[in-house]
Structure formats: C-alpha cells, structure tokens
Protein chains: 2
Amino acid sequence: MLVALRAGGLKLTPQRLAILRELADDPTHPTATELFSRLRAELPSMSFATVYNTLSALTEQGLCVARALEPGAVRFDPNVEPHDHAVCDSCGLVVDIAGRVRGGSPRTAEPVAGFAVRSVERVYRGWCADCSSRLERPTGAKQATGE
Amino acid sequence: MLVALRAGGLKLTPQRLAILRELADDPTHPTATELFSRLRAELPSMSFATVYNTLSALTEQGLCVARALEPGAVRFDPNVEPHDHAVCDSCGLVVDIAGRVRGGSPRTAEPVAGFAVRSVERVYRGWCADCSSRLERPTGAKQATGE
DNA sequence: ATGAGTGCAAATGCTTTGCATCCTG
DNA sequence: CAGGATGCAAAGCATTTGCACTCAT
C-alpha cells in the first residue's frame with residue numbers, strides 16, 4: 001500500500017501514514033471527523049485540511065473510496081472493490097460485508113434501458129448485534145418499513 | 001396521499017402540497033435545494049426552513065424517505081418501500097428501479113452474525129444513457145473500479 | 001533546494017433552529 | 001381562535017479553499 005502511495009507520486013508524511021493505518025484497521029470506515037479526533041493524540045498539530053487533503057489524494061489514486069451510506073458525513077473505505085455493507089438503523093454502525101461470497105448471477109445486466117452498469121452493491125439496513133440485544137425497539141430507530 | 005397527510009395530523013398548506021406533488025412527479029428524487037429552486041416561481045415567499053420542515057415531517061409520517069446515494073445533498077424518495085437505484089458516475093443522475101421485479105431469494109438472511117436485517121437495497125453505479133452516448137469517458141467520472 | 005504537503009483560518013454548502021407572525025382546521 | 005406552519009435570520013456541521021510556512025525527497 002505504501003508502494004501504491006509512492007507510485008502515485010505522493011510523499012510519505014507521518015499524517016498520511018497515520019490516516020492510512022487508521023483506515024486499514026477499521027472495518028466501519030471512519031469519517032474524516034472521526035479520523036481527525038482519533039489521531040489528535042498522536043498528531044496534535046494535524047488539521048482538518050490535512051485529513052481532507054489526504055483523503056481526496058488517496059481517493060484520486062484509487063487507494064480508497066468515499067461512501068455515502070447515511071445522511072451526514074461521508075465514510076472512507078480502503079477497499080475499492082464493490083462490496084456490500086450493513087448499516088444499523090439505531091446507532092449508525094457500518095459493517096463491511098467484504099468477505100461475503102455471492103451467487104454468480106450476471107451483474108452486468110442493465111437495471112434500466114441505456115444505463116451502463118459498472119458496479120452493484122447492496123446495502124443491508126436493520127439493527128446491529130449490540131442494538132438488537134440491548135433493546136426491542138432501539139432508540140432513534142425509524143419505524144421499520146418492512147419488506 | 002393527502003389522506004395520509006391529514007391522518008398524521010399535518011395541515012394541508014400550499015407549500016406542502018407543492019412539495020408533495022414535486023416529489024411524486026420526480027423519479028430522480030430531488031434534494032431539498034432542488035425542490036426549493038423549482039418551487040421558487042410558484043411560491044416566491046417559501047423559505048428553505050419550510051422545505052426542510054416539510055420534508056422531515058413527511059419523513060416522520062413515513063410518507064417519504066431520505067436517501068444518501070451520493071456525498072453531498074440528501075435525496076427524498078416518496079417510495080418508502082425498499083427498492084434499487086442506479087446512480088450515474090458522471091452527472092449524478094439518480095434513476096429509480098422501483099418497478100424492477102427481482103428473484104425471490106431469501107432476503108432476510110443475516111449478512112453478518114447478529115445483524116437483524118430489515119431491508120436490502122441495491123445501488124447500481126455506472127453511466128446513464130445520456131452520458132454513455134455523449135462521451136466514451138464521461139467528464140468527472142471516477143476511474144472505473146471494475147468488478 | 002524545491003515543490004509537495006501541512007496548518008490555519010476563512011469561506012462554502014447543506015441542514016437545523018429560534019422566534020415572531022400567519023393561516024388552516 | 002389556537003396551535004401548527006411559515007418566513008427570516010442566525011447557527012451548526014461537513015467539507016473546501018487560499019496562502020504562507022515546513023519538510024520529504
């Protein structure tokens with residue numbers, strides 16, 4: 001991954017290394033704000049601008065992807081391959097379903113006339129394990145719309 | 001739908017009726033800002049606050065859903081049933097795949113241990129018909145990550 | 001050394017909120 | 001006519017940008 005960084009002509013700064021590590025270690029895909037607060041202890045002088053600059057540089061190099069799974073802040077995913085996610089209605093937790101093997105149905109079929117499909121991803125919504133066990137009807141949950 | 005509005009204890013104001021109509025007529029799920037600018041001619045005095053107040057009131061009544069399909073503004077969908085969407089990488093167009101019939105595979109299977117699934121939705125990403133025909137590699141498109 | 005990268009602060013864009021006024025039911 | 005809804009303005013977050021300074025190469 002560091003190789004990829006240099007290959008893109010990017011310099012290896014402590015800020016970038018820390019962000020990269022934090023991203024790689026976290027399957028919940030942290031937001032820019034989350035990264036900033038987590039790294040404040042380690043890099044007290046780092047600014048938001050650096051976090052955003054780094055994340056957009058990484059995104060441009062194809063080393064991570066910005067994902068809009070919920071209204072509000074964007075989450076950054078070091079796994080650039082299309083894959084599925086589960087999102088908790090109650091606490092907002094994002095769970096990566098990267099490892100899941102799916103049936104080999106043709107995924108290049110056009111969902112609508114003329115639309116050239118590049119990727120398909122699923123979003124599972126519901127309650128995470130913690131929220132499921134903690135409450136029958138988790139705080140702040142939208143009323144289930146069923147399916 | 002008006003019935004549903006009243007059932008929720010909401011008053012029928014011209015602003016709400018206009019927003020509701022605009023929402024219903026538009027399969028691309030407009031953002032709050034888009035609704036505001038479209039209705040400016042019809043309701044010159046309407047404010048952003050009213051658009052947002054109305055949209056959150058509708059959301060609370062289960063008459064629409066806020067969808068985060070792309071970073072930036074949230075889109076509002078009058079179809080509260082889980083369904084699929086296609087999003088253009090180039091121009092950001094959202095296409096509703098509401099009518100698509102899918103195979104009846106068990107969709108309540110847990111994507112990850114302990115996660116209680118409420119709904120599953122797919123997001124197709126690629127190029128819309130317009131962008132596909134206009135360019136070989138549409139302006140502003142992220143490099144295809146393939147699948 | 002030299003230009004990319006950082007830090008700071010101001011700016012932007014989307015959304016929310018407080019409050020006085022207005023209008024639907 | 002009463003309470004909910006609107007309009008206006010200010011405030012709140014997430015994110016972007018400009019610019020002088022610093023540091024990785």
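Keep in mind that this is a model prediction, so the values were computed, not measured.
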> Taking the side chain from N53(A) and the backbone from A49(A), do they hold a donor-acceptor pair closer than 3.5 Å?
Replying inline: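 At least one qualifying donor-acceptor pair exists.
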>> Please check: side-chain N/O of R67(A) versus main-chain N/O of F76(A), any donor-acceptor pairing under 3.5 Å?
In response: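 No; zero donor-acceptor contacts below 3.5 Å.
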> Got a salt bridge between R75(A) and E34(A), using NZ or NE/NH1/NH2 to carboxylate O under 4.0 Å?
Replying inline: yes
> So does R122(A) pair up with E121(B), basic N to acidic O under 4.0 Å?
Replying inline: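 Salt bridge: no.
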> Going by atom types alone, do H29(A) and N79(A) pair a side-chain donor with an acceptor below 3.5 Å?
Replying inline: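 No - no donor-acceptor pair under 3.5 Å links their side chains.
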> How does protein reach along nucleotides 1-16 of chain D, written 5' to 3' as B (base within reach of a heavy atom under 4.0 Å), S (only sugar-phosphate), or - (no contact)?
Replying inline: --BBSBBB-----SBB
>> Rounded to whole Å, how long is the line connecting atom CG of L5(B) with atom C1' of dT24(C)?
In response: 13 Å
> Whole Å only: how far is the CD atom of E70(B) from the C1' atom of dC14(C)?
Replying inline: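 Computing the E70(B):CD to dC14(C):C1' distance gives 15 Å.
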